[in-house]
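Computed from a predicted model, the values in this text were never measured in an experiment.
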Amino acid sequence: DKLLYPKLKGSVILILFMLAAVAFTSLSFAKIVGDSKFGQLRQKTVPESSREIRRKDSENNSQLIHIVNTRFMQEQAHLVHLAEARLLLFEAFCLPTMISQTIQPNQEDVDSGNANFKFLWIIKTDPNLDPKMIEKLADMLRPYPNFFLVGSRHNFGIGKKQPGSWRGGEAGADVVSPEANIYTGDKRLLEEAHENRERKIVLETRLDADDGLPSHYLKKIQTKAISVLGNAAEKEKGTPGTPARAKWTIWCMSESISWYPSVFKDGFKPFVELSTKDPGVAKVEETVGRTSCLTPGMTLGLAIGESHSSIPTYSHYDLLYELEMNDDTSKNSCGLKHPIDCVRVLVTKAVRSRTPTSAGMKDLRVNTEDMSSEDIAEQWDVLKNKFSISSEKAAVANRHIQKNLASILKDNLKGQCTKGHSCKEQNKYLLSAMLNYIDNSDTGPE
């Protein structure tokens, strides 16, 4: 025994030392793999070891998948001046409204790994966009693991020439493939949403890069979606006492607060002197004529088991009118008594930018003769309190548009009729007329 004990003691120590070395090596390897795989995202990601736990929590706590889709400079990568102006509009009017969504986790939960992400925001930009511009955009989005900047020219959904959707798998496949150019965001969130697309309600929301949503909007949509679409399967089975539920539903807003740069205040004034604090004009858009759905915030919801194939493909402007006029449940029905019941117009307002950066060039001029200083101040209070939009950021965009107006107009003229963008002769004429005015005006700078 006396001879055996020292040998056993030495063996035990050796074994313990070897186990510690293996554990240290494993941890180091895991860290290297993790850093190399997601290092380019420059953000904290959820450890692989907790993926299954998070998946179970997500499936238990959430009945839906919510995707918000935004485009930025697709097919227009060469238009640098237009990109610079649009980036400032994105920073001033779009980004803050998404950060301030009431269901967006706070940064403390994100940093600790305890965040519950209830929506995914996918911003698709042209892969050939100036790398410096991509980097600026990525810097704005990196703190938020559920905000994805993706280099892609492919768009899916109703009204798109390229067929496909999140429920169908095409939209998800575009962003989860190994070849996908994902500059920001935790890709595993996309993978989980793609994998669960047939097992949950799917919501897809449209948001242009220069528009904004009220802070409560996504939460309101999700609450209504669970109520309207959640029991569709039980209704099909004829479960007693189950209220009528829709197979699909579209939500939208019909009113907005529009923002105009000062050069379009009461006319076209490209040489107006601006103070550094001039935020431009914010004005409530009055509904004229028939009510129609606006594009910002327009959301399609699909119950479990349903696809896009059963949804009518009317434009956002004609949707309400066509469903009301064509009360044919065999063609337009979502399972409710009347097709018009399949579209829900929410009593709230979106924010829209009316600027010369727009491809559609609609309603650029704003009349402020009927607005008092109190009216103007009130609208900026609303933008601050309900959208988290600051007049300071708006002032930066306002001044940039005024100082670089000619270059922006020239780029927009070049960008007309590019793939996926507006192509109207009247827009070309308007852009050319404004450029001609700037070049030949006696009141302009020397």
Side-chain angles (χ1 to χ4, degrees), residues 67-101 119-130 132-142 144 146-157 159-160 175 183-185 204-214 217-218 253 256-261 280 294-299 316 350-362 364 383 387-389 393-394 396-398 400-401 408 411-412 415-416 418-422:
I67 308 295
V68 181
N69 294 303
T70 298
R71 299 188 305 161
F72 185 83
M73 296 299 297
Q74 287 177 313
E75 307 290 349
Q76 296 182 333
H78 59 295
L79 305 176
V80 178
H81 300 291
L82 192 61
E84 290 174 344
R86 285 180 176 171
L87 185 62
L88 288 174
L89 292 173
F90 175 82
E91 184 178 13
F93 297 103
C94 188
L95 178 61
T97 72
M98 294 300 288
I99 295 174
S100 67
Q101 288 298 309
F119 70 93
L120 308 180
W121 187 20
I122 301 174
I123 302 103
K124 288 187 175 181
T125 190
D126 197 291
N128 293 328
L129 188 66
D130 187 326
K132 292 181 180 178
M133 194 64 60
I134 290 179
E135 186 64 19
K136 288 180 181 179
L137 190 53
D139 284 343
M140 299 178 191
L141 301 171
R142 280 196 182 97
Y144 314 100
N146 58 324
F147 291 4
F148 300 88
L149 180 61
V150 181
S152 171
R153 300 187 189 95
H154 303 140
N155 301 300
F156 304 89
K160 304 299 180 186
V175 295
Y183 307 114
T184 69
E204 291 189 72
T205 296
R206 173 177 172 177
L207 179 63
D208 289 349
D210 56 357
D211 295 336
L213 304 175
Y217 189 76
L218 296 185
M253 293 175 278
S256 68
I257 299 174
S258 292
W259 179 81
Y260 301 84
L294 303 179
T295 54
M298 192 170 180
T299 301
H316 69 92
V351 165
R352 291 195 290 181
S353 298
R354 301 293 201 183
T355 76
T357 65
S358 168
M361 298 290 292
K362 185 179 179 182
L364 292 181
L383 291 177
F387 296 85
S388 295
I389 292 173
K393 290 285 187 182
V396 173
N398 187 40
H400 179 89
I401 289 173
I408 293 170
D411 268 7
N412 201 353
Q416 291 292 309
T418 49
K419 184 179 178 181
H421 295 273
S422 178

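For I134, the side chain to side chain contact (heavy atoms under 4.5 Å, CB included) test picks out L129, L149, Y183, with sequence neighbours left out. Looking at residues two or more places apart in sequence or on another chain, you find a side chain to side chain contact (heavy atoms under 4.5 Å, CB included) between H400 and E84, A85, L88, N404, I408.
Side-chain contact between F148 and I67 is absent, with no heavy atoms from C-beta onward closer than 4.5 Å. Here the side chains of T97 and V351 are not in contact, with every heavy-atom distance at 4.5 Å or above. Residues F156 and E204 are not in side-chain contact: their nearest non-hydrogen atoms beyond the backbone lie 4.5 Å or more apart. Using a 4.5 Å heavy-atom threshold, the side chains of L141 and L95 count as touching. Inter-residue side-chain proximity for V175 and K124 is flagged as met; some heavy-atom pair is nearer than 4.5 Å.
Side chain of E91 to backbone of A394: no donor-acceptor contact under 3.5 angstrom is found. Of the possible donor and acceptor atoms, none in the side chain of S358 sits under 3.5 Å from a partner among the backbone N and O of S353. Q74 contributes a side-chain N or O that, together with a main-chain N or O of S152, makes up a donor-acceptor pair within less than 3.5 Å. Counting only distance, with no hydrogens or angles, the side chain of N146 and the backbone of W121 share no donor-acceptor pair below 3.5 Å. D126 places a side-chain N or O within donor-acceptor distance of the main-chain N or O of E75, the cut-off being under 3.5 Å.
Rounding to the nearest 0.5 Å gives a distance of 4.5 Å between CZ of R352 and CG of L294. With values rounded to the nearest 0.5 angstrom, I123 atom CD1 is found 15.5 Å from M73 atom CE. Considering CE of M98 and OG1 of T70, their distance stands at 6.5 Å, rounded to 0.5 Å. Distance check: D210 CG to T357 OG1 gives 5.5 Å after rounding to the nearest 0.5 Å. Distance check, rounded to the nearest 0.5 Å: CG of L79 to CG of D411 gives 4.5 Å. In this structure, CD in Q76 is found 13.0 Å from CG in N128, a value given to the nearest 0.5 Å.
Here the shortest heavy-atom pairing between P261 and T355 reads CD-CG2, 3.9 Å. Across all non-hydrogen atoms, the minimal contact from I389 to P96 is CG1-CG, 4.3 Å. The two residues A397 and L89 have their closest heavy-atom pair at CB-CD2, 4.1 Å.
A salt bridge does not link R71 with D208: none of the charged nitrogens is closer than 4.0 Å to a carboxylate oxygen.
Each of Y260, F387, W259 was evaluated against F93; a single residue qualifies, W259, per the ring-ring contact (aromatic ring centres under 6.0 Å, His included) test. Each of L218, L207, T205 was scored for a side-chain contact (heavy atoms from CB on, under 4.5 Å) with T299, with one residue passing: T205.
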Handout entry: From CA spacing to verdict: side-chain contact (heavy atoms from CB on, under 4.5 Å), C94, F72
Key = CA-CA 12 Å; C94 188; F72 185 83; over 6 Å; no
